[in-house]
Trainee: 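My questions all concern the structure below.
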Amino acid sequence: MITKCLFPVAGYGTRFLPATKAMPKEMLPIVDKPLVQYGVEESVEAGLTEIGFVTGRGKRAIEDHFDTNYELEHQIQGSGKEILLDGIRELINKSTFSYTRQTAMNGLGHAILTGKSIIGDNAFGVVLADDLCFGEGSGVLAQMVKLYRQFRCSIVAIEEIPSSDTHKYGVIAGESMGDGLYHITDMVEKPTPEEAPSNLAIIGRYILTPDIFEILENTKPGKGGEVQITDALKIQAKNSRVLAYKFKGRRFDCGSISGFVAATNYCYQKFFAEESSDKVVPLTKSFK
Ligand code: G1P
């Protein structure tokens with residue numbers, strides 16, 4: 001059984017300043033829901049209802065969001081607006097939330113290692129809320145959990161990217177097993193197009209087996225002087241097996257302004273445009 005999911009949310013979100021000066025980037029809304037709520041919904045849909053946040057200074061709003069707000073809920077009782085809170089209430093009822101703090105910003109590998117006290121000796125999911133994913137059929141994490149049940153090893157979600165973007169991602173080399181699955185043979189964190197072993201980039205969804213913690217404890221800082229999960233996974237791939245999965249669905253990089261706007265337009269079109277009573281004209285359908 002895999003029931004836990006880690007959300008590293010300590011990052012500053014400097015690309016969205018000044019919006020993120022006093023507010024966590026994970027709380028930026030895509031239409032009417034904060035980014036992080038989409039991630040938690042995806043996790044809960046996959047059966048991962050024990051949510052662990054690796055937070056940092058200034059992230060209180062995330063804790064408050066996944067909690068009851070008695071005053072507000074009392075105020076709007078009987079006003080017809082309660083329905084707007086149904087989704088988040090259901091999420092809170094179905095899940096548990098734990099928090100631990102990353103005291104130094106030392107990379108994604110370090111953030112995941114910080115979550116060890118929450119995870120213990122279990123396989124677990126990792127969601128980077130910046131990557132907003134809409135799965136086809138089922139959510140991306142649910143697709144990965146299904147594969148985990150079959151293969152019992154770490155799995156990373158991947159997507160094809162243009163070679164001009166390799167410097168933004170961990171990039172894998174692997175042998176195709178069919179059905180979008182690859183057996184990873186190598187991985188490089190944020191390579192130049194020349195260094196990149198393929199055009200298959202890791203996106204922010206992982207299933208990790210708990211031996212990753214011991215590997216991370218011994219992983220030296222890599223790219224950018226930070227402890228990289230990619231480096232630890234590369235060792236795990238050599239020791240045992242790590243798979244990469246070309247997920248079915250769409251991903252938006254909401255850590256960038258253009259990805260954030262594209263996600264907003266996509267969600268508006270998909271979930272709001274037709275039922276919109278205020279007849280707001282969609283910004284544009286052709287945003288690139
Ligand atoms: C992190 C990882 C990288 C991965 C990316 C996915 O990078 O280090 O390997 O491809 O997430 O979003 P970051 O975006 O935190 O710089």
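What you see is a predicted model, and the numbers here were worked out from it, not measured in a lab. Any value given below was found using the heavy atoms of this structure, including those in side chains, with hydrogens, waters and symmetry copies removed.
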Trainee: So, Lys234 and Glu189, do they make that salt bridge, N to O below 4.0 Å?
Mentor: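 Salt bridge between Lys234 and Glu189, a charged N being under 4.0 Å from a carboxylate O: no.
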Trainee: Sort and list the pairs that fulfil ring pair (Phe, Tyr, Trp, His ring centres under 6.0 Å) and have at least one residue in residues 192-214, not counting sequence neighbours.
Mentor: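 Every ring pair (Phe, Tyr, Trp, His ring centres under 6.0 Å) pair that includes a residue of residues 192-214, provided the two are not neighbours, is Phe124-Phe213.
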Trainee: Kindly say whether Val227 contributes a backbone atom to a donor-acceptor pair with the side chain of Asp231 at under 3.5 angstrom?
Mentor: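 No, Asp231 side chain to Val227 backbone: no donor-acceptor pair under 3.5 Å.
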Trainee: Under a 3.5 Å cutoff, is there a donor and acceptor pairing between the side chains of Tyr182 and Glu175?
Mentor: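 On atom types as modelled, these side chains do not qualify, holding no pair under 3.5 Å.
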Trainee: Got a salt bridge between Glu159 and Lys246, using NZ or NE/NH1/NH2 to carboxylate O under 4.0 Å?
Mentor: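 A salt bridge is absent here (no side-chain N lies under 4.0 Å from a carboxylate O).
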Trainee: Do Thr3 and Glu50 pair up side chain to side chain, a donor and an acceptor below 3.5 Å, judged on atom types alone?
Mentor: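 Note: Thr3 and Glu50 side chains meet the donor-acceptor criterion.
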Trainee: Which is it for Leu28 and Thr20 under the side-chain contact (heavy atoms from CB on, under 4.5 Å) test, yes or no, and what are the steps along the way?
Mentor: CA-CA 8 Å; Leu28 290 171; Thr20 48; 4.2 Å; yes
Trainee: State plainly whether one hydrophobic cluster holds both Val156 and Tyr148, where clusters connect Ile, Leu, Val, Met, Phe, Trp and Tyr through side-chain heavy atoms under 4.5 angstrom apart.
Mentor: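 They do not share one cluster, since no chain of ILVMFWY contacts under 4.5 Å joins Val156 to Tyr148.
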Trainee: With Phe16, which residues qualify under ring pair (Phe, Tyr, Trp, His ring centres under 6.0 Å), at least two apart?
Mentor: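 Result, ring pair (Phe, Tyr, Trp, His ring centres under 6.0 Å) vs Phe16: Phe260.
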Trainee: Between Glu136 and Arg250, does at least one N-O distance fall below 4.0 Å, as a salt bridge requires?
Mentor: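 Judged by the 4.0 Å cut-off on N to carboxylate O distance, Glu136 and Arg250 do not form a salt bridge.
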Trainee: Side chains of Ile202 and Val171: does their closest heavy-atom pair fall under 4.5 Å?
Mentor: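 No, too far: nothing below the 4.5 Å cut-off.
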Trainee: Which residues pass the side-chain hydrogen bond (donor to acceptor under 3.5 Å, both in side chains) test with Ser43, not counting sequence neighbours?
Mentor: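 Residues passing side-chain hydrogen bond (donor to acceptor under 3.5 Å, both in side chains) with Ser43: none at all.
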Trainee: Would a 4.5 Å heavy-atom cut-off, applied to side chains only, mark Val54 and Arg101 as touching?
Mentor: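 Not in contact.
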Trainee: Should the heavy atoms of other residues, nucleotides or ligands under 6.0 Å from CD1 of Ile83 be counted, would the total exceed 12?
Mentor: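 No, CD1 of Ile83 has 12 or fewer neighbouring heavy atoms, counting only those of other groups under 6.0 Å.
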Trainee: Listed by chain and number, what are the salt bridge (Lys or Arg N to Asp or Glu O under 4.0 Å) partners of Lys94, not counting sequence neighbours?
Mentor: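 Salt bridge (Lys or Arg N to Asp or Glu O under 4.0 Å) check on Lys94 returns Glu90.
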Trainee: Determine yes or no for a side-chain-to-main-chain donor-acceptor pair under 3.5 angstrom, with Thr166 supplying the side chain and Pro191 the backbone.
Mentor: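 Yes, Thr166 side chain to Pro191 backbone: donor-acceptor pair under 3.5 Å.
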Trainee: Quick one: does any side-chain atom of Tyr38 pair with a main-chain N or O of Ile30 as donor and acceptor, under 3.5 Å?
Mentor: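 Looks like yes, one N/O pair under 3.5 Å.
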Trainee: So, Arg205 and Asp131, do they make that salt bridge, N to O below 4.0 Å?
Mentor: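 Salt bridge between Arg205 and Asp131, a charged N being under 4.0 Å from a carboxylate O: no.
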Trainee: Scan residues 51-72 for pairs that pass ring pair (Phe, Tyr, Trp, His ring centres under 6.0 Å), counting only residues two or more places apart or in two chains.
Mentor: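 Every ring pair (Phe, Tyr, Trp, His ring centres under 6.0 Å) pair that includes a residue of residues 51-72, provided the two are not neighbours, is Phe7-Phe53, Phe53-Phe66, Phe53-Tyr99, Phe66-Phe97.
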Trainee: Sequence neighbours left out, what pairs pass side-chain hydrogen bond (donor to acceptor under 3.5 Å, both in side chains) with at least one residue falling in residues 72-87?
Mentor: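 Checked against side-chain hydrogen bond (donor to acceptor under 3.5 Å, both in side chains) - neighbours excluded - the pairs reaching residues 72-87 are Glu73-Arg89.
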Trainee: Output yes when a side-chain donor or acceptor of Lys223 lies under 3.5 Å from a complementary backbone atom of Lys190, and no otherwise.
Mentor: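 At least one qualifying donor-acceptor pair exists.
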Trainee: Just by distance, do the side chain of Asn122 and the backbone of Ile119 share a donor-acceptor pair under 3.5 Å?
Mentor: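 Answer holds: yes.
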Trainee: Is it the case that Ser154 and Gln236 place a side-chain donor and acceptor less than 3.5 Å from each other?
Mentor: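 Judged by distance alone, the side chains do pair up.
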Trainee: A side-chain contact here means heavy atoms from C-beta on lying under 4.5 Å apart; do Leu208 and Ile229 qualify?
Mentor: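 Leu208 vs Ile229: side chains touch.
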Trainee: Between the main-chain N or O of Gly255 and the side-chain N or O of Asp253, is there a donor-acceptor pair closer than 3.5 Å?
Mentor: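 Here the side-chain-to-backbone pair exists.
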Trainee: Is the backbone of Phe151 close enough, under 3.5 Å, to the side chain of Arg241 for a donor and an acceptor to pair up by distance?
Mentor: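 Checked: pair present.
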